[in-house]
Amino acid sequence: MKKKWIIGLIALLGCAAAMLGLLNRNSSPAGEGLLLQAGGKTYTVSYEKADQISFEGDLVNGKGEVTHHAYQGIELSSLLSANGIAVSDTSKITAVSEDNYSAELTGTEVLEPGKVYIAVTADGDQIEGIEGGQGAQLIVFGDSNSRRAVRYLKTIAVE
């Protein structure tokens, strides 16, 4: 009897975890493009309409391996400025992916030329969203570990 109760409890917990995973994944805002949040407002930026540039640099993975990549996208400071969002040295910027992974940046980092970008292609290939289609990735050059290279990028919040 006790064994059946434990198995039932495990099954119930497994179902609850699966439901939470689906709800969490589906809580991402719908729509194409990147969401910018600042000052209590949300702006949607189309990847196709952003003034894209080519850039390249080295990323370091968790094992310390360095890889060189060529990208197409936009510098984050330019994207924010073009949408009327001011960034100062004391600003806190949070990048959130479609699957709710997040990374934080400082205003100082975002304002440093050539450091923080939003990429839409990598090495000539389109960066895809979590369920296909055009996606984006946060690129932060100079990190000793590219944990802030947020894939499936969906939202940039500025405080």
Side-chain angles (χ1 to χ4, degrees), residues 20-159:
L20 285 173
L22 285 173
L23 289 173
N24 190 35
R25 181 175 179 182
N26 291 333
S27 68
S28 297
E32 294 297 318
L34 182 65
L35 299 177
L36 304 178
Q37 297 176 335
K41 296 181 181 177
T42 299
Y43 311 87
T44 301
V45 177
S46 168
Y47 298 121
E48 293 80 24
K49 292 182 181 177
D51 293 330
Q52 297 180 18
I53 60 169
S54 296
F55 60 97
E56 60 182 81
D58 297 331
L59 294 180
V60 182
N61 69 17
K63 297 177 184 177
E65 300 166 335
V66 178
T67 54
H68 188 81
H69 301 280
Y71 299 98
Q72 189 78 21
I74 187 168
E75 198 161 4
L76 181 55
S77 61
S78 297
L79 179 67
L80 295 171
S81 177
N83 286 279
I85 299 173
V87 175
S88 71
D89 288 337
T90 60
S91 296
K92 175 183 157 190
I93 296 90
T94 305
V96 183
S97 71
E98 292 178 55
D99 59 358
N100 293 319
Y101 177 80
S102 66
E104 290 188 2
L105 300 158
T106 65
T108 302
E109 289 176 304
V110 170
L111 293 172
E112 183 180 328
K115 182 157 182 97
V116 183
Y117 293 88
I118 305 297
V120 294
T121 69
D123 300 323
D125 296 323
Q126 173 182 301
I127 294 173
E128 292 190 357
I130 203 164
E131 293 182 12
Q134 181 66 63
Q137 180 173 358
L138 179 72
I139 303 296
V140 183
F141 290 121
D143 277 356
S144 60
N145 183 342
S146 59
R147 285 179 282 186
R148 295 191 297 174
V150 177
R151 291 186 300 171
Y152 312 124
L153 186 62
K154 187 62 181 173
T155 305
I156 300 288
V158 179
E159 296 177 35

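When a residue number appears, it is its place in the shown sequence, counting from 1.
Residues D123 and H68 come closest through the heavy atom pair OD1-O, 4.3 Å. The two atoms that bring I156 and A95 nearest to each other are CD1-CB, 3.8 Å, heavy atoms only. Contact between S91 and A86 at its shortest, heavy atoms only, is OG-O, 4.5 Å. Contact detail for A38 and Y43: the closest heavy-atom pair is O-CE1, 4.4 Å. A136 and V120 make their closest contact through CB-CG1, 4.4 Å (heavy atoms, listed as atom of the first residue, atom of the second, distance).
Exactly one of V110, T106, I85 qualifies for a side chain to side chain contact (heavy atoms under 4.5 Å, CB included) with I93. That residue is V110.
For the side chain to side chain donor-acceptor pair (under 3.5 Å) test, no residue two or more places apart in sequence or in another chain qualifies with N83. Qualifying salt bridge (charged side-chain N to carboxylate O under 4.0 Å, His left out) partners for E159, counting only residues two or more places apart in sequence or in other chains: none. Annotation: salt bridge (charged side-chain N to carboxylate O under 4.0 Å, His left out) contacts of E109 (sequence neighbours excluded): R148.
For Q126 and T121, the side-chain atoms include no donor-acceptor pair closer than 3.5 Å.
Atom CG of residue D58 and atom CD of residue E65 lie 13.0 Å apart, to the nearest 0.5 angstrom. The NE2 atom of H69 sits 11.0 Å away from the CD atom of E56 when rounded to the nearest 0.5 Å. Atom CD1 of I74 is separated from atom OH of Y47 by 12.0 Å, given to the nearest 0.5 angstrom.
Checked by atom type and distance alone, the side chain of S146 pairs as donor or acceptor with a backbone atom of V60 at under 3.5 Å. A donor-acceptor pair under 3.5 Å links the side-chain atoms of E75 to the main chain of G114, judged by distance alone.
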Evaluation steps, side chain to side chain contact (heavy atoms under 4.5 Å, CB included), between Y152 and E131: CA-CA 9 Å; Y152 312 124; E131 293 182 12; over 6 Å; no
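Side chains of L76 and V87 form no contact here, defined as non-hydrogen atoms less than 4.5 Å apart. Residues S97 and K154 have side chains not in contact (no heavy-atom distance under 4.5 Å, counting atoms from C-beta outward). No side-chain heavy atom of V45 sits under 4.5 Å from any side-chain heavy atom of I118. Between L138 and L105, the closest side-chain pair of non-hydrogen atoms falls below 4.5 Å. Using a 4.5 Å heavy-atom threshold, the side chains of V158 and L36 count as separate. The shortest distance between side-chain heavy atoms of Q52 and Y71 does not fall below 4.5 Å. I139 places a side-chain heavy atom less than 4.5 Å from the side chain of Q137. Within the 4.5 Å cutoff, side-chain heavy atoms of L34 are placed close to those of L153.
In this pair, F55 and Y117 present their aromatic rings parallel. The plane angle is below 30°, not in the 30 to 60° band.
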